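Since the structure is predicted, the reported quantities are computational estimates derived from the model, not experimental observations.
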Amino acid sequence: MARRTTGQGRPGTEQGRRTLAVAGALALGAGMLAAGPAAATDHPRAGRGTPPPATTSAGDPVDLDVLFVGAHPDDEASALSTFGQWRQSDDVRTGVVTVTRGEGGGNAAGPEEGPELGLLREVEERSAVGLAGVRDVFNLDDVDFYYTVSAPLTQQIWGEEDALEKVVRLVRETRPEVVVTMNPAPSPGNHGNHQEAARLALEAYQVAGDPSVFPEQLTQEGLEPFSPDRVLLNTVAGTRATGPACPQQVQLSDPTQTVYGVWSGAQAPDGRTWGQVERAAQRQYVSQGWATFPDVPADPDALGCDYLTQVDARVPSAEPGTEAASSPDAALQGALVRGPDAAPLGTGLTVQVPGLRVVPGEETDVVVRASAGRTALGGASVALEAPDGWAVTGDGALGDVAADGSAQATFTVTAPADARPGTRVRLAAELSSDVGGGWAAQVVETAAPVRGQLAPLDRVAEYEGWAREVGFPELQGTVRRVTTLPSGGTQQVDVVVTNDSTQEQSGTTALGLPDGFSAEATEQAFGPLAAGDSATVPFTVTNTDDSLPTSNAGGEGGDHPFTVTTTAGGVTSTSTPALELVPTTDAPGTEAAAVVDGVEQAGEHPGEELDLSRLWEGTPCESAADCSATGKLSWHDDALQVLVHVTDDVAGTVLPAADCKRHWRTDSVEIAVDPRGDAENTSTTFKAFVLPRTAEGGPCAGRDADARQGPAARTAPGMEYAVTPDDDGTAGYTLEVTIPLGLLPAAVDPDEMAVDLFVYDSDTQDKTGQTRIGWSTWQGVQGDPYRWGVVRLPGYTPPADRPAEPAEPVIPQTALSSLESPPSIAQAVRDDVPLAGGPAAPAGQSAWLRDAVQRRDAVVATVRATGPGRLHLWVWDPQAQAAVAGSVVDVEGSGPSRWWVTLPEGAGDVSGTRLLAAFEAEDGGTLSSVAPVR
């Protein structure tokens, strides 16, 4: 197919220093023994000091068209229908970046966890994406830890610069014209790993073409700057549609967004719909319980679209609403595909605005820039379109734009003085020339002189700051601003007023509260406020009706909207944030400690009965008998006492005690405690789970997704728990737990402690949960401490020497290294991209395979080396997708050598398999190689 750019040669011989961590050998069988050196002999080609490109990763890197960036295996699964169609119709080659291998997730297929689970999930991913014609999967070897909704915590664990450096290197090596990624926003329930993976993709899109960013990749590795043409999110905000018209019929929450749809009802080469192919691919993720996914509708008209939301483009796009924009390849037009009447590939078109906000009545300069690729644009001109009532002046004539040249036109845009503040509009440019045209747009928002907004949650403030910093200001404002309020309680609600004008401003801001809420003062003055400055206006708000439903049972999906009305300079603006009511209770103290036996004795648990039956995720309970629960909380001495009764008709998978982890796979109860009531994420909380039954007969417990994870005996010493099954023949049970408060990561604030009780219900034997219910419930609430209920401990005082600052959390750091992944090594040889997003080994410090021969119970490898490092050898059966044996050896110098890899007993004849080698240079960088076993 026609391409805008061409690939470049292999990097030079000098490399930047980067040491790859080795996770250690993965024990896959008895053949996992230390290799021994055989007698060194001169191979016929041993005198050559250059790795042969055909059998090593030293060739020219694969030139990709599209690159998807996700956090875990299966993150790309909802886009495989699209990637398959693009491969079918336009021969588009897509690669997938997976930052982690998902070692922190559950396993519905077996006991593997940690690196073993990572390799299993990688094999599943390669099988899945292969059904859509995707062969290139790049694992970055970052650790997958527990579920979190925090991008900042993810960034801390992955390492901001290290992870970005790897993604930028991959973009510069593989040179994709189109980047697709996930949702970067801290939307409710959005996994923090997903957010951070998307941020890495968006940042790499912005900086990979900048030679000042990671310059050693250019000066020492021989790469070249490269800027993709377009970046898209694999998501949409709005109401989806079905049938072949779904690209046009989607109802967008924000009509200014540019969204393309690819119908999954189209026919694949094998006669199935692409929706059916995608579902078959998703079922490859057996470890995630996806093998049981139901069939998609057989009627193509009942299938919907994959939707792609455009964040930015440097080339002309298919104009929304046109026939071209409804094409399955609309998102590729201008970058990889030439649309109807469009300018040639290689043409650039952008609309540049100084910032997101424009003040009505004030002039704003808008620059439209067009550039030509190999084909000149004769008689070029651009026109700028704005909404009705907006004034646009300027000359759009560009004249003849020479090949590889550019030209620009500047327009002056003025929003009408009475334009409604806070309204987003498109400023769209139309390019015309004698060889075709194109369309581009930028979104702006009308601004009042001063805007007043509810102070954002920390994660939202951090996200919006990131969006401004990296140059995507339109991503601001996509997450509704909310604050929680205890049921029947009082809380300070802060409004931030910002002066967007060029003059000093004073004015008022006022709250319009819904029924059941009041404020000490609903209107306050502010100012004078200097141009560009912000100030915080505090209000004291009370929930006056404590009968209002809390959590997602009340309001609009749990939100109680209110208005913030701000007036300054004669202009009024309004925003609509929301209050979120969380349940509250007093946990009374008891004179005697509860007897932890799974039986509620009279007067033993005096706390009020809490309703734990609210659905927060999954399939609704069919009835109270299917799944429902109640709970009680109290305290004695220095311990929290918990009672939970669960009604359940069918027991989920009964796991062995040795598999007491990943509690969401079966029936369980989770107890979450934020001791200070101010945790931003669960890394400073305590979260214990109890499985009511195990294969051995009794319950088991542990901690997950908190300050310290693992079996309760190790991570929660002193925690007592007991379960008594109901005697009515059902799967119901009563759970008692006593948690020493000294186990919490900080001293309890007895007036502000946050607690949530979650019940997980499974009615299957395939290690998958169906329903999640609890006390304070929203989507993703298990990762949102600010949405947990407030539990007061009247009369309790923590020990004076117990610190109020949370202890440093313990986060899992075990990830599979690509050096220990035969599929990754084999791909590196095939596509000539070094492992794990790292650099290539220096030519003067490499080692590679020359030959592999079976000698009885061993495979003897002939190796050529040019310098010291560590060599990871794998006998790999590509048909079975399994390692037969593996070894790790230290290469101390240059020259030829032989090494043997012991085969496991009974391996028999392994001729026809492959010997794979991944060399890790002493000074950093890798080289992969392969040799057939003779």
Determine, stepwise, if the pair W390 / V425 fulfils side-chain contact (heavy atoms from CB on, under 4.5 Å). CA-CA 11 Å; W390 288 53; V425 302; 3.6 Å; yes
Could you check whether any side-chain heavy atom of F214 comes within less than 4.5 Å of a side-chain heavy atom of E161, counting everything from C-beta outward? yes
Residue pair V207 / V168, side-chain heavy-atom distance below 4.5 Å: yes
Closest contact, heavy atoms only, N234 versus S78: ND2-OG, 3.0 Å
Check: E196 side chain, A71 main-chain N or O, donor-acceptor pair, under 3.5 Å: no
How long is the span from the CG atom in L170 to the CZ atom in R175, to the nearest 0.5 Å? 13.5 Å
Can V92 and F83 be said to form a side-chain contact (heavy atoms from CB on, under 4.5 Å), step by step? CA-CA 8 Å; V92 167; F83 298 153; over 6 Å; no
Relative to the ring of H191, is the ring of Y147 parallel (under 30°), tilted (30 to 60°) or perpendicular (over 60°)? perpendicular
Using side-chain heavy atoms (C-beta onward) and a distance below 4.5 Å, is T322 in contact with W439? no
Show every donor-acceptor pair shorter than 3.5 Å between a side-chain atom in residues 356-371 and any protein atom, with sequence neighbours excluded, or say none if there are none.
residue	atom	partner	partner atom	Å
D365	OD1	T412	OG1	3.4
R369	NH2	S406	OG	3.0
S371	OG	G348	N	3.3

Kindly give the heavy-atom pair with the smallest separation between P228 and V171, and that separation in Å. CG-CG1, 4.0 Å
Note, P449 side chain near Q503 side chain (heavy atom, < 4.5 Å): no
Has the side chain of Q524 got a donor or acceptor atom that lies under 3.5 Å from a matching backbone atom of P538? yes
Looking only at non-hydrogen atoms, find the nearest pair between V537 and V497 and report the distance. CG2-CG2, 4.2 Å
Could you give the distance from CD (E504) to CG (N499), rounded to the nearest 0.5 Å? 8.5 Å
D500: which residues meet the salt bridge (charged side-chain N to carboxylate O under 4.0 Å, His left out) condition with it, sequence neighbours left out? R451
Under 3.5 Å, is there a donor-acceptor pair between the side chain of R169 and the main chain of G837? yes
For a 4.5 angstrom cut-off between non-hydrogen side-chain atoms, does V495 reach L511? yes
Any non-hydrogen side-chain atom of D75 less than 4.5 Å from a side-chain atom of T98? no
Is it the case that the side chain of D784 and the backbone of Y786 share a donor-acceptor pair, with hydrogens and angles ignored and the cut-off at 3.5 Å? no
Does D306 have any salt bridge (charged side-chain N to carboxylate O under 4.0 Å, His left out) partners at least two apart in sequence or in another chain, and if so, which? none
Cation-pi geometry met for R314 and Y205 (6.0 Å, 45°): yes
Backbone N or O of P152 within a donor-acceptor pair of the E462 side chain at under 3.5 Å? no
For the residue pair T154 and Q195, confirm or rule out a side-chain donor-acceptor distance under 3.5 Å. no
Side chain of T347, backbone of P344: donor and acceptor closer than 3.5 Å? yes
Just how far is it from atom CG of L336 to atom CD of E177, taken to the nearest 0.5 Å? 5.0 Å
Which residues satisfy the ring-ring contact (aromatic ring centres under 6.0 Å, His included) test with W466, sequence neighbours excluded? Y463
Between the side chain of R459 and the main-chain N/O of E680, is any donor-acceptor distance below 3.5 Å? yes
Got a second to check how far T522's OG1 is from F539's CZ, nearest 0.5 Å? 7.5 Å
Can you name the nearest heavy-atom pair linking A531 to S501, along with the distance? CB-O, 3.4 Å
Heavy-atom closest pair, residues Q352 and T350: NE2-OG1, 3.5 Å
Residues two or more places apart in sequence or in another chain: which of them pass salt bridge (charged side-chain N to carboxylate O under 4.0 Å, His left out) with D559? R480
Count the heavy atoms belonging to other residues, nucleotides or ligands that lie under 6.0 Å from CG of D458, then report whether that count exceeds 12. no
What's the verdict on side-chain contact (heavy atoms from CB on, under 4.5 Å) for Q453 and V564, showing C-alpha distance, side-chain angles and the deciding distance? CA-CA 7 Å; Q453 295 177 296; V564 176; over 6 Å; no
Side-chain donor or acceptor of S575 paired with backbone N/O of G452 under 3.5 Å: yes
For the OH atom of Y307 and the OG1 atom of T235, what is their distance to the nearest 0.5 Å? 12.0 Å
d(T148 OG1, N681 CG) to nearest 0.5 Å is 5.0 Å
Identify the heavy atoms of A415 and T446 that sit nearest to each other, and give their distance. CB-CG2, 4.4 Å
Quick one: are D162 and K166 in side-chain contact, heavy atoms under 4.5 Å? yes
Does atom CD of Q491 have more than 12 heavy-atom neighbours from other groups under 6.0 Å away? yes
Quick one: salt bridge (charged side-chain N to carboxylate O under 4.0 Å, His left out) partners of R424, sequence neighbours excluded? E445
Counting only heavy atoms not in E469, do more than 12 sit closer than 6.0 Å to its CD atom? no
Could you go through L332 and V66, starting from their C-alpha distance and side-chain angles, then the distance that decides it, and tell me whether this counts as side-chain contact (heavy atoms from CB on, under 4.5 Å)? CA-CA 9 Å; L332 307 177; V66 175; 4.2 Å; yes
Could you check if a side-chain atom of T258 sits within less than 4.5 angstrom of a side-chain atom of R426, using non-hydrogen atoms only? yes
